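Here's the structure we're looking at; comments come further down.
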There are 2 protein chains.
Amino acid sequence: MRVLVVEDDQFHASYLQDTLAEALPEVTEIFHASDGAEGEEEARQGGIEAVVMDLQMDRRNGIEAARTIWAERPQSRILFWSNYADEAYLRGIARIVPEDSAYGYVLKTASRDRLRLALRAVLVEGQIMVDREIHRLQKQGAAPRNRLDDSEFGVLLDLALGLPDKLIAERRGMSLRTVQNRLLSLYDKLGVTVDPEDEAVSLNKRVRALNRALVTRTINVETLEAAQRDLDAWLGGRG
Amino acid sequence: MRVLVVEDDQFHASYLQDTLAEALPEVTEIFHASDGAEGEEEARQGGIEAVVMDLQMDRRNGIEAARTIWAERPQSRILFWSNYADEAYLRGIARIVPEDSAYGYVLKTASRDRLRLALRAVLVEGQIMVDREIHRLQKQGAAPRNRLDDSEFGVLLDLALGLPDKLIAERRGMSLRTVQNRLLSLYDKLGVTVDPEDEAVSLNKRVRALNRALVTRTINVETLEAAQRDLDAWLGGRG
DNA sequence: AAATTGCTTGCGGGAACCCGCAACATCTCT
DNA sequence: AGAGATGTTGCGGGTTCCCGCAAGCAATTT
């Protein structure tokens, strides 16, 4: 089996390669790329179907790279391996994973044993495996009705880009008032409230919503950058 | 010499320790902490005056840890060692470094040689040393008049927290209109413009400003969290 | 069939924001 | 001392935003 490691940190890369070689005897060759663009290229060249992918990388991040790899070879097995358990990454991945592909998500802080297990489960056995830490994150939101649905999340992204209500409405095919309703529930779920204590401080809701979404790790800067590209594309096919 | 390494990534930590031991013969003991709070504690215990400090850490980040270390022992020599060249970190550091302390800033992508050099220059020789990559960042802003001055940066933080003009004015001791002027120059410098091309899209300036500040790495999420704490303190002492 | 619940949409008004205009106050340069 | 250059402040008005209110529509319950 030929495995591609996409990881820009040299220490993590070599650790991964060591663990791979040691834990999976069926691995015959290990390729390496140090950013997303290079990773796509390598995957294409090598006819690779098993990938371990870092998420934060400079030129092109792991999610984008995974998207094109899956677009070209949907049966590829990809194990994501990241420092953070941001919900933003989960949404990004959930959005691009093909119908029945194998993938996994492990934190870099996981023990070597857990990494070995994930490597075997995803790359060899073709299972789906998500780190417990992360799964917890998904659930916790569900309890206090804090979880955003897709439509709210979309509006959040548009808001975060700075679009005015009118444009959001046009883009999402909703009426102005409906967009505003979405915003209201967003404010609610993100905890943008008029604290009964600090009655005095009334905040700018829009900015506050973006702020909260960031500090709760609902979105991150990379999400913003990706959303901006989508927006530009949409504006292009319209103006 | 006793050196403290504050770094939550185990690989980076052991790489640092190796390099330290090998490059600085005058090092007699190496202590290790894996987050800021622990780092402060260790520094206190060990009577440490030379520190290598990661910036992104969970419980308490490097800047905050450095602040308390310097508060307790201003002559401490601290080498910051980080993945990113965010302007936000530079400002954070510039804000807390005591009058004539030795410090340095090296990127994790720097070569081993450069790291060795920085270790010696800062920890042993007591020099100030900033990675070329980062220095470039500071300059580049200066050319096209993009650089924010301190007063603008303060207003940016308040804006990012969601404060309305009136409160910003009160907090910064400026008139309402002056705050708005600051905002105007902020919008200008951050590139929040009405693109003559896309005349159609008029954006929400405030949100857009925060968005731009984030993607240009002028501020980051940790900045936001720190600013929030400051704000809470200020609100507390006001009633 | 009627009632309940949930979502969308229009209307309207108060608040906040953006910003041109103009009057001053400082500081600098000649 | 006089002429700019730069920064602060008040005023006024056009926008956008926030959101209560109520009417309409669909799905589910009783």
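Here is how names work: the chains are called A, B, and so on, in the same order as the sequence lines, proteins then strands, and each is numbered from 1. Worth saying up front: this structure is predicted, and the values here are computed from it rather than measured.
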I'd like to know if the side chain of Arg217(A) reaches the main chain of Val215(A), judged simply by a donor and an acceptor atom lying under 3.5 Å from each other, with no hydrogens or angles considered. yes

Take the angle between the ring planes of Phe80(A) and Tyr105(A) and call it parallel below 30°, perpendicular above 60°, tilted in between. tilted

In whole angstrom, what separates [X]'s [atom1] from [N]'s [atom2]?
X	N	atom1	atom2	answer
Arg208(B)	dT15(D)	CZ	C1'	19 Å
Leu203(B)	dC19(C)	CG	P	12 Å
Leu163(A)	dC17(D)	CG	P	10 Å
Leu184(B)	dT8(D)	CG	P	12 Å
Asp188(A)	dC19(D)	CG	P	11 Å
Arg172(B)	dT8(D)	CZ	P	14 Å
Ile168(A)	dC18(D)	CD1	P	10 Å

Exactly one of Trp81(B), Tyr89(B), Tyr84(B) clears side chain to side chain contact (heavy atoms under 4.5 Å, CB included) with Leu55(B), and that residue is Tyr89(B)

With Asp54(B), which residues qualify under salt bridge (Lys or Arg N to Asp or Glu O under 4.0 Å), at least two apart? Lys108(B)

Salt bridge check: are Asp8(B) and Arg59(B) linked by an N-O gap of less than 4.0 Å? no

Once base and sugar-phosphate atoms are separated, protein heavy atoms under 4.0 Å mark nucleotides 7-16 of chain C, 5' to 3', with B, S and - as -BBBB-----

Under 3.5 Å side-chain donor-acceptor pair for Thr178(B) and Asn181(B): no

